[in-house]
Amino acid sequence: MKKITLLGSTGSIGKQTIEVAREQNIKICAIGAKQNIKLLESQIREFKPSLCAVVDESAGKELKSRVSDTDTKVIIGEDAPSIVARESDGDILLNSLMGKCGIAPTLEAIKTKKDIAMANKEPLVAAGDIILRAVKENGVKLLPVDSEHSAIFQCLDTSHNSPDFIKRLIITASGGPFFNKTRQDLEKVTLKDALSHPTWSMGAKITVDSATLMNKGLEVIEAVRLFGVPEDRIDVTVHRQSIVHSMVEFCDGSILAQMGHPDMKHCISFALNYPERKETLCEKLDFTKSFSLTFDCPDEDTFSLLSLARRCVKKGGNAPAIMNSANEEAVKLFLQEKIRFIDIFDVVEEAVVALPFRENITLESLEEDDRLAREYVRKRMHKLF
């Protein structure tokens, strides 16, 4: 039986992973989240994990009391996800944490020879070189869970598809709720507007990233890291139906596309069972019925964070990390309704330009860059509070 450690078990991907585990009789041996103790208690009683990480101290103490009649050990505090990642006996860590907090647990799991199913974009964006080096040194697998990178991985996952044969990667984007909107239109966007995604059901932060197209910028950087393809050979196309999840064009002009209804359980199941595949309860495409697939060019002038991400990954060093941290802080302020949607674009770009560039990064320098980026955003936006 496959045994997994699931960090971010109460979020959107975490809950869908729980569904897959039920369907496929997968053992969940450890879980973790920030503070949703009601759901964590339910997961503990159903799956009986040996370990549970809770970041929030007061929530962790309450959960510990609630589940004192079980055999689950509750670990509390900022380091709890890393401790659980290191000490659990899972074969694979599925990281669906939100933000840069996923870096340390990922590295801890790699050091203890666990494979990684990565649903957390930010570690590869901010610390990709460090994580990929650890993966190589420890001989573990790094399996993408994002639908776009899972699609590319599946298109490349045959012995005859050498990286030398790849002409370009084509990442699809839903376009979010503001496709074809102008910069002037974006000045009127409300929080409710930004959280109304046309096809995917996701957490608030990633839904806002989808609306700004920052999520595509992060995915371009991830694709550079995961597949060793330079940024100028990675295209983004707007595909409103979200049925084609991404494509690979080869040097002979042929293109492979991975398709399916927009349901993350496809990607979760593929990562957890790789190299095998298992039946899922996801809706199947019916080619006996008529449907359309359309593709459009993204507006990188209006949705400028996509082009910023391209510049950051070409520059390298700490540029992607600064961009990521500044974006996390700006989105947090927007979700608190302290700044406008349009402000996210401007302040993230300003932070990348204003903060000092480092060519060589370490975990310690990334912590400092994260602090500086968030402080810059808060100070710059303070006048709007």
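Heavy atoms only: backbone and side chains are in, while hydrogens, waters and symmetry mates are out. For clarity, every value in this text was computed on a predicted model and none was experimentally measured.
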- Run the side chain to side chain donor-acceptor pair (under 3.5 Å) check on Glu329 and Ser325 step by step: do they pass? CA-CA 6 Å; Glu329 193 65 24; Ser325 293; over 6 Å; no
- Would you mind listing every side chain to side chain donor-acceptor pair (under 3.5 Å) that reaches into residues 352-361, with sequence neighbours excluded? Arg358-Asp369
Name the atoms and distances for all side-chain donor-acceptor pairs under 3.5 Å in residues 127-138, with sequence neighbours left out.
| residue | atom | partner | partner atom | Å |
| --- | --- | --- | --- | --- |
| Asn138 | OD1 | Lys113 | NZ | 2.9 |
| Asn138 | ND2 | Ala134 | O | 2.9 |

- Message: Thr17: which residues meet the side chain to side chain donor-acceptor pair (under 3.5 Å) condition with it, sequence neighbours left out?
- Response: none
Side chains of residues 291-300: which donor-acceptor pairs under 3.5 Å do they make with residues two or more places apart or in other chains?
| residue | atom | partner | partner atom | Å |
| --- | --- | --- | --- | --- |
| Thr294 | OG1 | Gln241 | OE1 | 3.4 |
| Thr294 | OG1 | Gln241 | NE2 | 3.1 |
| Asp299 | OD1 | Asp301 | N | 3.1 |
| Asp299 | OD1 | Thr302 | N | 3.0 |
| Asp299 | OD2 | Thr302 | OG1 | 2.6 |

- Task: Can you establish whether the number of heavy atoms outside Lys192 located under 6.0 Å from its atom NZ is more than 12?
- Result: no
Distance-only donor-acceptor pairs under 3.5 Å for side chains of residues 223-234, two or more places apart:
| residue | atom | partner | partner atom | Å |
| --- | --- | --- | --- | --- |
| Arg225 | NE | Leu124 | O | 2.9 |
| Arg225 | NH2 | Val125 | O | 2.9 |
| Glu231 | OE2 | Arg310 | NH1 | 2.8 |
| Arg233 | NE | Lys167 | O | 3.2 |
| Arg233 | NH2 | Ile166 | O | 2.5 |

- Query: Can you name the side chain to side chain donor-acceptor pair (under 3.5 Å) partners of Asn25, sequence neighbours left out?
  - Reply: none
- Contacts of Phe303 that satisfy ring pair (Phe, Tyr, Trp, His ring centres under 6.0 Å) - sequence neighbours left out: none
- Residue pairs meeting salt bridge (charged side-chain N to carboxylate O under 4.0 Å, His left out), one or both in residues 3-23, sequence neighbours left out, come to Lys3-Asp89, Glu19-Lys265, Arg22-Glu46
- Check against side chain to side chain donor-acceptor pair (under 3.5 Å), Asp209 and Thr207: CA-CA 5 Å; Asp209 283 347; Thr207 302; over 6 Å; no
- Item | Any donor-acceptor pair under 3.5 Å from Ser68 side chain to Ser65 backbone | yes
- Does anything in residues 177-190 pair up under salt bridge (charged side-chain N to carboxylate O under 4.0 Å, His left out), and if so which pairs, sequence neighbours excluded? Arg183-Asp346
- Please list, chain by chain and in numerical order, all residues satisfying side-chain contact (heavy atoms from CB on, under 4.5 Å) with Lys111, sequence neighbours excluded. Glu108
- Message: Under the rule for side chain to side chain donor-acceptor pair (under 3.5 Å), what residues qualify as partners of Ser307, not counting sequence neighbours?
- Response: none
- Sequence neighbours excluded, the answer for side chain to side chain donor-acceptor pair (under 3.5 Å) partners of Glu222 is none
